[in-house]
Chemist: 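Sending over a structure as structure tokens; questions will come in a sec.
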Amino acid sequence: LEKRLKEMNIEWDPLWTKINQVVLKTLYAVQGQVVASPNSFELFGFDVLIDTNLKCWLIEVNASPSLSRENQLDYRIKDAVVRDTIRLAAGPSFDRDALAAALA
């Protein structure tokens with residue numbers, strides 16, 4: 001998306017900021033209804049429409065977005081989502097024995 005918009009001479013950074021604002025405002029609005037679980041995480045899929053004036057509109061939020069892949073675009077996008085999700089959720093690797101020894 002970023003590459004295509006830049007090819008259309010649309011500034012990416014201000015638009016990405018607007019998309020982030022839509023996501024953050026949505027999460028803020030429902031923060032009391034999203035159950036926090038310290039041993040898990042949830043992936044949300046935000047569908048955002050960008051109109052001709054570059055205004056961002058929230059279409060829907062998927063609590064369990066489909067990660068099935070049916071075509072090349074699906075593979076490119078969803079493989080990156082899975083890779084990024086694992087990178088964020090897994091955290092840095094560490095030596096558990098060294099940690100246990102340090103805490104003993």
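Throughout, residue positions are numbered sequentially from 1 according to the sequence presented.
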Chemist: Check residues 46-62 and write down every donor-acceptor pair under 3.5 Å in which the side-chain atom is one partner and the other belongs to a residue at least two apart or another chain.
Modeler:
residue, atom, partner, partner atom, Å
Asp51, OD1, Asn53, N, 2.9
Asp51, OD1, Leu54, N, 3.1
Asp51, OD1, Lys55, N, 2.9
Asp51, OD2, Trp57, NE1, 3.0

Chemist: Could you list the residues that satisfy side chain to side chain contact (heavy atoms under 4.5 Å, CB included) with Val35, not counting sequence neighbours?
Modeler: none
Chemist: Using distance only, find each side-chain donor-acceptor pair of residues 76-92 under 3.5 Å and give its atom names and separation, not counting sequence neighbours.
Modeler:
residue, atom, partner, partner atom, Å
Lys78, NZ, Ser66, O, 3.4
Lys78, NZ, Ser68, O, 2.8
Asp79, OD1, Arg69, NH1, 2.5
Thr85, OG1, Val81, O, 2.7

Chemist: Just distance, no hydrogens or angles: give the donor-acceptor pairs under 3.5 Å from side chains in residues 4-17, sequence neighbours left out.
Modeler:
residue, atom, partner, partner atom, Å
Lys6, NZ, Glu2, OE2, 2.9
Thr17, OG1, Asp13, O, 3.0

Chemist: Evaluate side-chain contact (heavy atoms from CB on, under 4.5 Å) for Val23 paired with Phe44, printing each intermediate quantity in order.
Modeler: CA-CA 10 Å; Val23 170; Phe44 294 98; over 6 Å; no
Chemist: Considering only residues two or more places apart or on different chains, which pairs with a residue in residues 81-104 satisfy ring-ring contact (aromatic ring centres under 6.0 Å, His included)?
Modeler: none
Chemist: Locate the shortest heavy-atom distance separating Gly45 from Pro65; write the atom from each residue and the value.
Modeler: N-CG, 3.8 Å
Chemist: Just grab all the salt bridge (Lys or Arg N to Asp or Glu O under 4.0 Å) pairs involving residues 88-101, residues at least two apart or on different chains.
Modeler: none
